[in-house]
Amino acid sequence: MTRSAARADRRGGPPPSPEPLPAPAVDSHTHLDIVLTGFRPEDGQPPAEADVDAEIAAAVAVGVPRLVQVGVDVASSRWSAELAARHPDVLAAVAVHPNAAGAGEADDAALAEIDRLAALPRVRAVGETGLDRYRTGPEGWAAQEASFRAHVRIAKEHGVALVIHDRDAHEEVLRVLDDEGAPERTVFHCFSGDAAFARACAARGHVLSFAGTLTFANAGYLREAAALTPLDQLLVETDAPFLTPVPHRGRPNASRLVPHTVRALAEVTGVEVEELCAALTRNAERVFGPWGV
Ligand SMILES: [Zn+2]
Ligand SMILES: [Zn+2]
């Protein structure tokens, strides 16, 4: 590392881009708006188009020409749908996030708007939805579950994928999915379970999306989970700006860093990087439909 790179590292600035992948892969879950403006910016302004285009171009340059932009509330879901409509490299997912739902935001008007957006041609998933028992306390669990169930129904009504956020709620998420009847294409974003939970999800036909957490030193249980997941049920994602993969853990994440996670997944599964990239692209197109790039 050069001295200036070491200084940038200490400042926690954006890490450098990795070596490009040998074949195109997909970032199946990113929040470009949060990367560029933070979570719910005070001025309420979305990022400038030029900045968004530069972020996407940086991902394309390392072999990541397909992204899924994920909304977490009504405003960001609308923005995600608009971005996907204008950008061939981007598809959108729309939802009220479980923690927002736990705080009472998934009211009838919000759910009606998610339902409206889910009908748009480049909105190909409902999510992220699910249960989060880490950030939401017991007082919000009933509202969170009601919202999760409503999102499952919206996904099925429109025939699009369901993107699950599951934090410290593995068994409860499966209980709700089994009870409602999971959509045909259901993705566990930022999969966080162990080998036994991976087996339970894979047996139901669900898709497991691994984030930068796969590369963390203390995440042996995730590597075990990834190793036993069938190749055609795997995805990778950044969840940018969160969960930055090693060697840049702790610094801001971006779609252009997903090659670190792809390479870690190749090592864990024993599949060549190029073959893995082809599988990840195939899986993403099966789950979300074609991007048109
Ligand atoms: Zn999430
Ligand atoms: Zn997310």
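Keep in mind it's a predicted model, so treat the numbers as computed, not measured. Counting starts at 1 for both ligands and their atoms, in listed order. Side chains included, hydrogens not; waters and symmetry mates left out as well; all remaining heavy atoms used.
Under the 3.5 Å distance criterion, the side-chain polar atoms of T244 are matched with a main-chain donor or acceptor of R251. Remark: side-chain polar atoms of N253 are paired, donor with acceptor, to backbone N or O of F242 under 3.5 angstrom.
In summary, H31 places an N/O/S atom under 2.8 Å from the Zn ion (ligand 2), meeting the contact criterion. Look at H189 and the Zn ion (ligand 1): an N/O/S atom of the residue is under 2.8 Å from the metal. The Zn ion (ligand 2) has no N, O or S atom of H97 inside 2.8 Å of it.
No option in V26, D27, L280 other than L280 meets the side chain to side chain contact (heavy atoms under 4.5 Å, CB included) test with V262. For the salt bridge (Lys or Arg N to Asp or Glu O under 4.0 Å) test with R133, the passing option among E172, E139, E171 is E172; the others fail.
Taking the ring axis of F288 as reference, the NZ or CZ atom of R124 does not stay both within 45° of it and closer than 6.0 Å to the ring centre.
Between H29 atom NE2 and E128 atom OE2, the angle centred on the Zn ion (ligand 2) amounts to 90° (nearest 10°).
Here the N, O or S atom of D239 that is nearest to the Zn ion (ligand 2) is OD1. The Zn ion (ligand 1) is closest to atom ND1 of H165 (considering only N, O or S atoms).
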